[in-house]
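Okay, so here's the structure we're looking at.
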Amino acid sequence: MKFYSLSLLAAICIWTARAQQPSAVPVYLDDSQPIEKRIDDALSRMTTEEKVAICHAQSKFSSAGVKRLGIPEVWTSDGPHGIRPEVQWDKWSQAGWTNDSCVAFPALTCLAATWNPAMSLAYGHAIGEEARYRNKSVLLGPGVNICRTPLNGRNFEYMGEDPYLSSKMVVPYVQGVQSNGVASCVKHYALNNQEINRHYTNVIVDERALYEIYLPAFKAAVTEGNTWTIMGSYNLYRNQHACTNQYLLNDILKGEWQFDGAVVSDWGGVHETDQAITNGMDMEFGSWTDGLHHSKNHAYENYFLANPYLKKLASGEADIATLNDKARRVLRLIFRTAMNRNRPYGSLCSDEHYATARQIGNEGIVLLKNNGHLLPIQLTDTRKILVVGENAIKMMTVGGGSSSLKAQHEISPLQGIQDLVGSQAEVVYARGYVGDTNGDYNGVTTGQNLSDKRTARQLADEAIAAARQADIVIFFGGLNKSKHQDCEDADRLSLQLPYGQDSLITALQEANSHLVVVNISGSGVAMPWVKKVPAILQAWYLGSEAGHSIADILFGKCNPSGKLPVTFPARLEDVGAHALGEYPGVERTDGSQIFDEKYNEGIYVGYRWFDKQHIAPLFAFGHGLSYTTFRFGKATANKKIMTTDSDITFSIDVTNTGKCAGAEVVQLYISDKKCSVDRPEKELKGFQKIHLAPGETKTVQLTINKDALSFFDTQSHQWIAEPGTFTAHIGAASNDIKSSIDFILE
């Protein structure tokens, strides 16, 4: 039996059509014709049943094409960090393929921490090649929900707390993926900022916060990145589920932003037929026979946009024009992907992809603290290195929810250190603590046996005794991908590290002052030992090349240049979402199971809240150290007065004053000195990553227009930049401003 790619089948269909009708190829099969003309032709040939069929799933991860017309199916794959292994047609169990391993790329918090759009483009291109090789039409990612609380179990899949940074990083990712003829599906639209009660939380947020904080990255993905699909989210907004939400989907996405792609439901995110028909949903996936509660095998014809839709069309309760719009959007997706014969073939698990993953990891690791220049580790002065902690050996690519992967390989931190050090020093390992010993998710197994019958005291005593004999101790801890840590469908229970790690870190520091803590997590954790530990790295989830990237940084093969895309709070109460007491929502008393959660902090998310309340963070948004030092000059502007139809450019000299090459991220924040509405103390509106040799100076120029000065006016429903005096702050972090300059908007 032979298997052909969808592209080849489409080519065969065209050849057959030409053979049967030598004088004319059907327009919909002729890819020399404009897509909109092809859509019109295909739509005119389809029956009502065929139009409905392409609007809902036919298997766990695919939707139907039109076999009669040679229009192929749509195949999706979970991302956004790698291509998910194949599951059975109608079950979540593994399909048993032997060729569906992938490269696991770093989690998107790490990508955002690079503050480098070029890395985002490389990431999107590489993962898009893997999706194309596996013949996927849609990659379900990236995620750009704002990190409102550090407890969100899915923060590791997103791009941080700031709408501007997320916007600038999502666009090249989308463009990189779609350069392979694979649709990027930006998710989860919108206001999906927690996992607890995710199907039943009704978000109550003022419209200004909606537009200024929670929508900009989605808008950029649509209007700048031209993403071909968007995924709705599970939560409710204005008492309607986001997957079938009139205001979010029809009014904003398809109305204001003129989105021409297809809206894809999150799996099980559709709850009833009428709203699914009228409120902007185009492709329904993952529903059960009655929403979320009951499942039957091969229930796809019972989906809300399947037989129930056909019945409403037959009775006249639903109109054909709305169906045509849905089918048109799905056809547009198919013509852009599966029926695009010019898309490249892609590649899987290539050396180039592993190199890209390693480079992103190297640029995304954040050096939080380095007192006494303990890092980088000098092997000429080091004979014995002690590695402690479960996270030094535990595979992190399996688990965590839909982003779980079957990686072709995963280099652990311990292995990465051993590979780099070789015979230059002795590397000793001590477990230290036992956390999550499970290594299975949806049938993908790590193959690791992490069980350990020793007591917590025995494990700690072993590590402490070994620490007294070592030249340097590297502790690998943090979170993992188990429930109530960094995992889908559950939020963290606290800001503290689990498994008694805090007391172990303190004891290790007392045993050996040369201690490096490498924290692996998707967002901030409490660090009660922060003043005692001399060196701290934030390593995120780094995927296949994790160990190599971490070793590169620890031993100075690469100079760290990552910057935090989120604020690390010292206490949970320092976060606006928790200080104002609404999280995780208040359950209604009407028996509906709906939780109302009011975002009382409004626009004051992340560093905006810390600035407003004058709270010192544990580590600030934008913070990140280097093995070299940088000197910022005095900022200048090319004009003192700008108008609403002109730009202004700020310039600042940055010099590498250290002894090794390195990279710095120059960050531009804007303050409005006087405004008719309350505004944050400052907001990120520009950044640039520059690489400097020792002694080298570069002039960084950052240009803004009135958009950077605007706020969303809820009365007029438009963006407004009020004339007056503004201040540009340029620095190396949100709390490390090097130079400020005033200018006037007329």
Answer yes or no: is there a donor N or O on one side and an acceptor on the other, between the side chain of His81 and the main chain of Pro106, under 3.5 Å?
no
Just do the side chain to side chain donor-acceptor pair (under 3.5 Å) check on Asn370 and Tyr627 with the steps written out, would you?
CA-CA 9 Å; Asn370 193 24; Tyr627 294 151; 5.7 Å; no
Non-hydrogen atoms of Gly364 and Ala113 that approach each other most closely
O-CB, 3.3 Å
Got a salt bridge between Lys394 and Asp436, using NZ or NE/NH1/NH2 to carboxylate O under 4.0 Å?
yes
Exactly one of Gln94, Arg84, Lys406 should register a side chain to side chain donor-acceptor pair (under 3.5 Å) with Asp100. Which one does?
Lys406
Flag for Asn735-His623: side-chain donor and acceptor within less than 3.5 Å:
no
Enter the distance from Cys110:SG to Met159:CE here, rounded to the nearest 0.5 Å.
11.5 Å
Find out whether Asp491 and His484 are in side-chain contact, i.e. whether some heavy atom of one side chain is under 4.5 Å from a heavy atom of the other.
no
Under the salt bridge (Lys or Arg N to Asp or Glu O under 4.0 Å) definition, can you give me all pairs with a residue in residues 544-562, not counting sequence neighbours?
Arg358-Asp552
Please report the C-alpha distance between Tyr583 and Val575 in whole Å, then the side-chain angles of each, then the deciding distance to 0.1 Å, and finally whether the side chain to side chain contact (heavy atoms under 4.5 Å, CB included) criterion is met.
CA-CA 11 Å; Tyr583 172 89; Val575 178; over 6 Å; no
Note: Lys563-Glu664 ion pair, threshold 4.0 Å (strictly below)
yes
Look at the rings of Tyr158 and His188 and say which category their plane angle falls in: under 30° parallel, 30 to 60° tilted, over 60° perpendicular.
perpendicular
Nearest atoms (heavy-atom pairs only) where Pro142 meets Leu108:
CB-CD1, 3.5 Å
Does Glu352 offer a backbone N or O that forms a donor-acceptor pair with the side chain of Thr356 under 3.5 Å?
yes
When you check the side-chain N and O atoms of Ser544 and Glu410, is any donor under 3.5 Å from an acceptor?
no
Can a donor-acceptor pair be found, under 3.5 Å and without considering hydrogens, that links the side chain of Gln469 to the backbone of Ala466?
no
Pair Thr382, Asp471: side-chain N/O donor-acceptor within cut-off below 3.5 Å
no
When rounded to the nearest 0.5 Å, the distance separating CG of Asp486 from CG of Leu479 is 5.0 Å
Mind checking the OG-CG spacing from Ser101 to Leu348? Nearest 0.5 Å is all I need.
8.0 Å
Could you tell me the separation between the CZ atom of Arg132 and the OG atom of Ser179, rounded to the nearest 0.5 Å?
12.0 Å
Any donor-acceptor pair under 3.5 Å linking the side chain of Asn152 with the backbone of Arg148?
no
Tell me whether Glu363 is salt-bridged to Lys689, with the criterion being a basic N under 4.0 Å from an acidic carboxylate O.
yes
Presence of salt bridge, Lys483 and Glu195, under 4.0 angstrom
no
Return the CD to CD1 distance between Glu696 and Ile690, rounded to the nearest 0.5 Å.
8.5 Å
Within 45 degrees of the axis of the six-membered ring of Tyr541 and under 6.0 Å from its centre: does Lys481 put its NZ or CZ there?
yes
Between Glu86 and Arg134, is a salt bridge (charged side-chain N to carboxylate O under 4.0 Å, His left out) present by the stated rule, with each step listed?
CA-CA 10 Å; Glu86 302 297 331; Arg134 292 267 297 279; 2.9 Å; yes
What are the two closest non-hydrogen atoms of Gly432 and Val388, and how far apart are they?
CA-CG1, 4.0 Å
Verify whether one side chain among Arg154 and Ser402 offers a donor that lies under 3.5 Å from an acceptor in the other.
yes
Given Arg457, Arg454, Arg431, the one that forms salt bridge (charged side-chain N to carboxylate O under 4.0 Å, His left out) with Glu462
Arg454
Yes or no on side chain to side chain contact (heavy atoms under 4.5 Å, CB included) for Ile377 and Ile472, after CA distance, side-chain angles and deciding distance?
CA-CA 9 Å; Ile377 299 168; Ile472 191 165; 3.6 Å; yes
Any idea which heavy atoms bring Val171 and Ala221 closest together, and the distance?
CG2-N, 4.4 Å
What is the ring orientation for Tyr499 with Tyr433, classed by angle as parallel under 30°, tilted 30 to 60°, or perpendicular over 60°?
parallel
Do you know the tightest heavy-atom contact between Leu420 and Ala551?
CD1-O, 3.6 Å
Check for a donor-acceptor pair, side chain of Glu510 on one end and backbone N or O of Ala507 on the other, with a separation under 3.5 Å.
no
Does a side-chain N-to-carboxylate-O contact under 4.0 Å join Arg383 and Glu426?
no
Step by step, work out the ring pair (Phe, Tyr, Trp, His ring centres under 6.0 Å) result for Tyr441 and Trp92.
CA-CA 10 Å; Tyr441 187 85; Trp92 291 110; 9.5 Å; no
Under a 3.5 Å distance rule, please check whether Glu390 uses its side chain to pair with a backbone N or O of Gly435 as donor and acceptor.
yes
Return the CG to CD1 distance between Leu367 and Ile536, rounded to the nearest 0.5 Å.
9.5 Å
Classify the ring geometry of Phe621 against Trp115: parallel below 30°, tilted from 30° to 60°, perpendicular beyond 60°.
tilted
Side chains of Ser451 and Thr437: is there a donor and an acceptor less than 3.5 Å apart?
no
Hey, is the main chain of Thr629 close enough, under 3.5 Å, to the side chain of Ser626 for a donor-acceptor pair?
no
Does a donor on one side chain sit under 3.5 Å from an acceptor on the other, for Thr567 and Glu161?
yes
Using only atom types and a distance under 3.5 Å, with no angle test, would you say the side chain of Asn180 pairs donor to acceptor with the backbone of Val182?
no
Pair Val566, Asn155 - check side chain to side chain contact (heavy atoms under 4.5 Å, CB included), show working.
CA-CA 10 Å; Val566 292; Asn155 278 338; over 6 Å; no
Distance-only side-chain donor-acceptor flag, Tyr607 / Asp162, under 3.5 Å
yes
Look only at the side chain of Tyr173 and the backbone of Gly141, and say whether a donor-acceptor pair between them is shorter than 3.5 Å.
no
Is there a donor-acceptor contact under 3.5 Å from the side chain of Asn519 to the main chain of Gln538?
no
Identify every side-chain donor-acceptor pair in residues 526-534 under 3.5 Å, counting partners at least two apart or on other chains, and give the distances.
unit_1 : atom_1 : unit_2 : atom_2 : d
Trp529 : NE1    : Asp502 : OD1    : 2.8

Nearest heavy-atom pair of Cys558 and Asn362: which atoms, and what distance?
SG-CB, 3.7 Å
Can you check whether Val174 reaches Val186 side chain to side chain, under 4.5 Å on heavy atoms?
yes
Is there side-chain contact between Leu564 and Leu368, with at least one heavy-atom pair below 4.5 Å?
yes
From CA spacing to verdict: side chain to side chain contact (heavy atoms under 4.5 Å, CB included), Val177, His125
CA-CA 5 Å; Val177 170; His125 183 72; over 6 Å; no
With no hydrogens and no angle check, just 3.5 Å: does a side-chain donor-acceptor pair link Thr445 and Asp440?
no
Quick one: sort the Phe105 and Tyr123 rings into parallel, tilted or perpendicular, breaks at 30° and 60°.
tilted
